[in-house]
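Some notes on the structure that comes next.
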Amino acid sequence: MIRTRDGVELFYRDWGTGMPVVFLAGWMLPSDIWSYQGVTLADQGLRCIAYDRRGHGRSSDPGRGYDYDTLADDLASVLETLDLRDVTLVGHSMASGEMVRYLSRHGDQRVSRLVFLAPAATPFMLKTEDNPDGVDASVFEHFRKEVLLRDAPQWLTANARSFVVAETSEPMIQWVMSLLLRCSMKAAHDCHRAMSSTDFRAELPRIRRPTWIIHGDKDASAPIDLTGRKTAQLIPGSRLKVYEGAPHGLFITHQERLNRDLLAFVKHGD
């Protein structure tokens with residue numbers, strides 16, 4: 001466990017030796033979801049670290065701190081406690097915002113590269129006068145009140161297939177479902193509110209580290225035109241890699257391609 005600045009215990013796993021890669025899971029998911037990257041990349045000479053966000057998996061459930069400032073400070077606690085340097089950050093979905101806010105609050109001295117994997121929080125999800133392509137606040141509010149807080153298992157079951165591809169096995173889907181259902185409802189609710197309402201547009205252009213955005217063009221959870229393409233446009237010198245036919249759960253459905261790309265990026269920067 002790693003203890004954060006406000007006393008929360010974060011569970012983490014640390015596999016392999018070599019250049020460090022820190023994996024940040026998406027909304028409601030724990031570090032287990034990176035198992036297929038962690039084993040493969042550790043065998044290829046990388047040190048793979050993944051941790052459970054507060055309220056997720058095996059970490060403490062404090063009922064507070066689900067804003068991006070606090071979550072970024074939790075990431076800082078992980079990097080500082082383990083004294084990690086020359087780190088590649090890999091963040092899926094909601095975690096795209098944690099990486100950006102970490103750089104804004106703590107600088108990039110410990111970070112060498114970033115990978116935004118199917119980003120869902122960046123640049124800005126909410127529809128406003130200066131962001132007309134976003135989603136109306138009432139849609140998010142309805143989801144939290146009438147779906148998430150009424151019958152989250154039913155919603156997850158109904159939408160499970162859109163997270164993967166037709167070839168994905170039913171046992172794999174059930175495994176992912178079991179991980180999602182371990183998330184604290186307070187964490188799920190508050191993290192969704194932060195993810196859907198936090199504006200990262202001013203922070204993205206300040207990123208100066210090599211950055212890849214990897215996104216599937218069949219992502220139903222975070223449509224690429226709303227999130228991935230706009231994120232790439234705002235980060236100077238970033239590279240957008242589009243996985244044809246990939247859904248939101250591309251770390252499961254496109255394991256081999258993703259692992260090859262991550263290994264190349266970390267070791268060679270290409």
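Side chains included, hydrogens not; waters and symmetry mates left out as well; all remaining heavy atoms used.
In this structure, the side chains of L234 and K230 stay at 4.5 Å or more apart for every pair of heavy atoms. Between R206 and S104 the shortest side-chain heavy-atom distance falls below 4.5 Å. In this structure, the side chains of V90 and L114 stay at 4.5 Å or more apart for every pair of heavy atoms. Taking the side chain as every heavy atom from C-beta outward, H56 and C191 approach each other to under 4.5 Å. Residues R201 and N131 meet the side-chain proximity criterion, which asks for heavy atoms closer than 4.5 Å. The shortest distance between side-chain heavy atoms of V176 and I252 falls below 4.5 Å.
Listed by first and then second residue, the salt bridge (Lys or Arg N to Asp or Glu O under 4.0 Å) pairs involving residues 17-29 amount to none (not counting sequence neighbours). Within the structure, no pair that satisfies the salt bridge (Lys or Arg N to Asp or Glu O under 4.0 Å) test touches residues 115-124, not counting sequence neighbours.
A centroid separation of 6.0 Å or more is found between the aromatic rings of F116 and W212. Remark: aromatic rings of Y243 and H215 are distant, center separation not under 6.0 Å.
Using cut-offs of 30° and 60° on the angle between ring planes, the pair W155 and F143 is perpendicular. Ring orientation note: the planes of F23 and W34 are tilted relative to one another, at an angle of 30° to 60°.
For the residue pair D61 and S184, a side-chain donor N or O sits within less than 3.5 Å of a side-chain acceptor on the partner. Side-chain contact, T70 with D67: a donor N or O sits under 3.5 Å from an acceptor N or O.
G65 and R54 get closest at one heavy-atom pair: O-CD, 3.3 Å. The shortest heavy-atom contact between R101 and D69 is NH1-OD1, 2.8 Å. Residue A121 comes nearest to G97 through the heavy atom pair CB-N, 4.0 Å, listed as atom of the first residue, atom of the second, then distance.
By the 6.0 Å contact criterion, NZ on K241 is enclosed, its count of non-hydrogen atoms from other residues, nucleotides or ligands being greater than 12. Other residues, nucleotides and ligands contribute over 12 non-hydrogen atoms within 6.0 Å of the CD atom of E170.
Grouping the Ile, Leu, Val, Met, Phe, Trp and Tyr side chains by contacts below 4.5 angstrom, directly or via other members, places M172 with L258. Both V164 and W27 belong to a common hydrophobic cluster when Ile, Leu, Val, Met, Phe, Trp and Tyr are linked at side-chain heavy-atom distances under 4.5 angstrom. Both M19 and L24 belong to a single network of hydrophobic side chains, linked directly or stepwise wherever heavy atoms of I, L, V, M, F, W or Y lie under 4.5 Å apart.
Legend: residues meeting ring pair (Phe, Tyr, Trp, His ring centres under 6.0 Å) with F140, ordered by chain and number and at least two apart, are H192.
Judged by the 6.0 Å and 45° rule, R13 forms no cation-pi pair with Y51.
Rounded to the nearest 0.5 angstrom, T231 OG1 and F124 CZ are separated by 13.0 Å.
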